Structures are given as C-alpha cells and as structure tokens.
Amino acid sequence: MRTFLAAAAIVAGIAATVPAWELRAQTPPPPSARPGNANLRPVPDGPGTRSAELQGLDKVTARTQRFYAPVGKATRFGTLEIKVDDCLVNVPEAPPESVAYLTIIDHKPGQAEEKLFAGWMFASTPSLSALDHGVYDVRVLSCTMAQGSTPPSSR
C-alpha cells in the first residue's frame, strides 16, 4: 500500500523536489568560499605578483599558450576574458596541488558577452571542473609569484 501511495504522490507531483546536493552543484560558491581542503593556503609572499599560471588551447589552430593571470585582474585569451579571484597551493607537507577560482567570460564580436565558467579549477584534475567551449580550453597549471611581465610562450 505504501508503495502505491508513494508512486501516486510522485505522479501527482507532490514529491517532485530537487535534492539539496543538486542545488549546491548548480550554484557556484562565492569567490570567498574556499575548497574544503585544510592544506590549501595562498601562495607564500615573495617578489612578484600572486598569479595563476594558465594554459590555453585554441582548438581551431591547435596552438597552446602558457600565460600568467594576476589575482584580481582580468586577462585576455582569444575572445575570452579570464579573471582569477583566488589562487591557492597545498602546504609543503601535502601532495602538490594548485587551485584557482576563475571567472571566464566570452566576448564574441557582435554578440552579447556570455559567462562561460565561474568556479574552482584544480591543476591535478583539470577535467573535474573544466571550461566547456567549442573553440578554447583553459586549465590551471600552478599558482605562483610571477616576476615582471613575461610574454606568453606558444608551442
């Protein structure tokens, strides 16, 4: 009898609620919220600017480009504007890891800007939270203190 009532409630739409984990998955955390790893910390102070080392791939030309994106500033890669809100690394005792909170907006000519990605990207597992774009791929390589203005290297 209970099974029949449960099935009737589902069909009637009474029990059609979205589980809380799905709501959390759809809503990106604010940049101030850090991943739940206690080993993560900001890059230690030193000479230079706190930056994320990123690698971009242009799928049309098959060229990769490494570049530094300073924390708090926007950087361009093709039609993409990439802003790094935070960049964290593991403590020395833990396995190496770099994590960056990125906001990526596409500025296609003649079209309205489109927010493509906002969330944490992990250097060790780029497929965990990846940019889904037809032309470009962006991934985090490391968090570092970038020295001066080094031109991007292309391979």
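Atoms considered below: every heavy atom in the structure, side chains included; atoms not considered: hydrogens, waters and symmetry mates. Since this is a predicted model, take the numbers as computed values, not measurements.
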Chemist: If you measure from CD on Q55 to CG on L141, what distance do you get to the nearest 0.5 Å?
Modeler: 5.0 Å
Chemist: How close do A74 and E81 get, counting heavy atoms only, and between which atoms?
Modeler: CB-CG, 3.7 Å
Chemist: Starting from I105 and following side-chain heavy-atom contacts under 4.5 Å between hydrophobic residues (I, L, V, M, F, W, Y), which residues can be reached?
Modeler: none
Chemist: Go through it in stages, so that I can follow the logic: the residues are T75 and Y68, the test is side chain to side chain contact (heavy atoms under 4.5 Å, CB included), and I'd like the CA-CA distance, side-chain angles, deciding distance and then a yes or no.
Modeler: CA-CA 8 Å; T75 304; Y68 293 96; over 6 Å; no
Chemist: Do you know which two heavy atoms are closest between P70 and S51, and how far apart they sit?
Modeler: CA-OG, 3.5 Å
Chemist: Is it the case that atom NZ in K73 sees more than 12 heavy atoms from other parts of the structure closer than 6.0 Å?
Modeler: no
Chemist: Quiz question: by atom type and distance under 3.5 Å, do the side chains of E53 and T144 form a donor-acceptor pair?
Modeler: no
Chemist: For a quick test of reading the model, state the closest non-hydrogen atom pair linking G56 to F67 and the distance between them.
Modeler: N-CE2, 3.8 Å
Chemist: If you look only at pairs with a residue in residues 110-130, which of them pass as a salt bridge (charged side-chain N to carboxylate O under 4.0 Å, His left out), with sequence neighbours excluded?
Modeler: none
Chemist: Would a distance-only check, ignoring hydrogens and angles, find a side-chain to backbone donor-acceptor pair under 3.5 Å from E97 to S124?
Modeler: yes
Chemist: So, taking the atom named CG in L80 and the one named CG in L102, what distance separates them when rounded to the nearest 0.5 Å?
Modeler: 11.0 Å
Chemist: Applying side chain to side chain contact (heavy atoms under 4.5 Å, CB included) between L131 and each of I104, D137, D106, report the one that passes.
Modeler: I104
Chemist: What's the spacing between L116 CG and I82 CD1 if we round to 0.5 Å?
Modeler: 10.0 Å
Chemist: Is the closest side-chain heavy-atom distance between L88 and S98 below 4.5 Å?
Modeler: no
Chemist: Can you name the one residue among V84, V71, D85, V140 that meets side chain to side chain contact (heavy atoms under 4.5 Å, CB included) with Y101?
Modeler: D85
Chemist: Between F117 and W120, which heavy-atom pair has the shortest distance, and what is it?
Modeler: CZ-O, 4.1 Å
Chemist: Is there a side-chain contact between H133 and L57 in this structure, where contact means two heavy atoms from C-beta onward sitting under 4.5 Å apart?
Modeler: no
Chemist: I'd like to know if the side chain of N90 and the backbone of P95 have a donor-acceptor N/O pair within less than 3.5 Å.
Modeler: yes
Chemist: Mind checking who shares a hydrophobic cluster with V89, ILVMFWY linked at side-chain heavy-atom distances under 4.5 Å?
Modeler: V43, M145
Chemist: Which of parallel (below 30°), tilted (30 to 60°) and perpendicular (above 60°) describes Y136 and F77?
Modeler: perpendicular
Chemist: Which heavy atom in K83 sits nearest to a heavy atom in G72, and how many Å separate them?
Modeler: CE-O, 3.7 Å
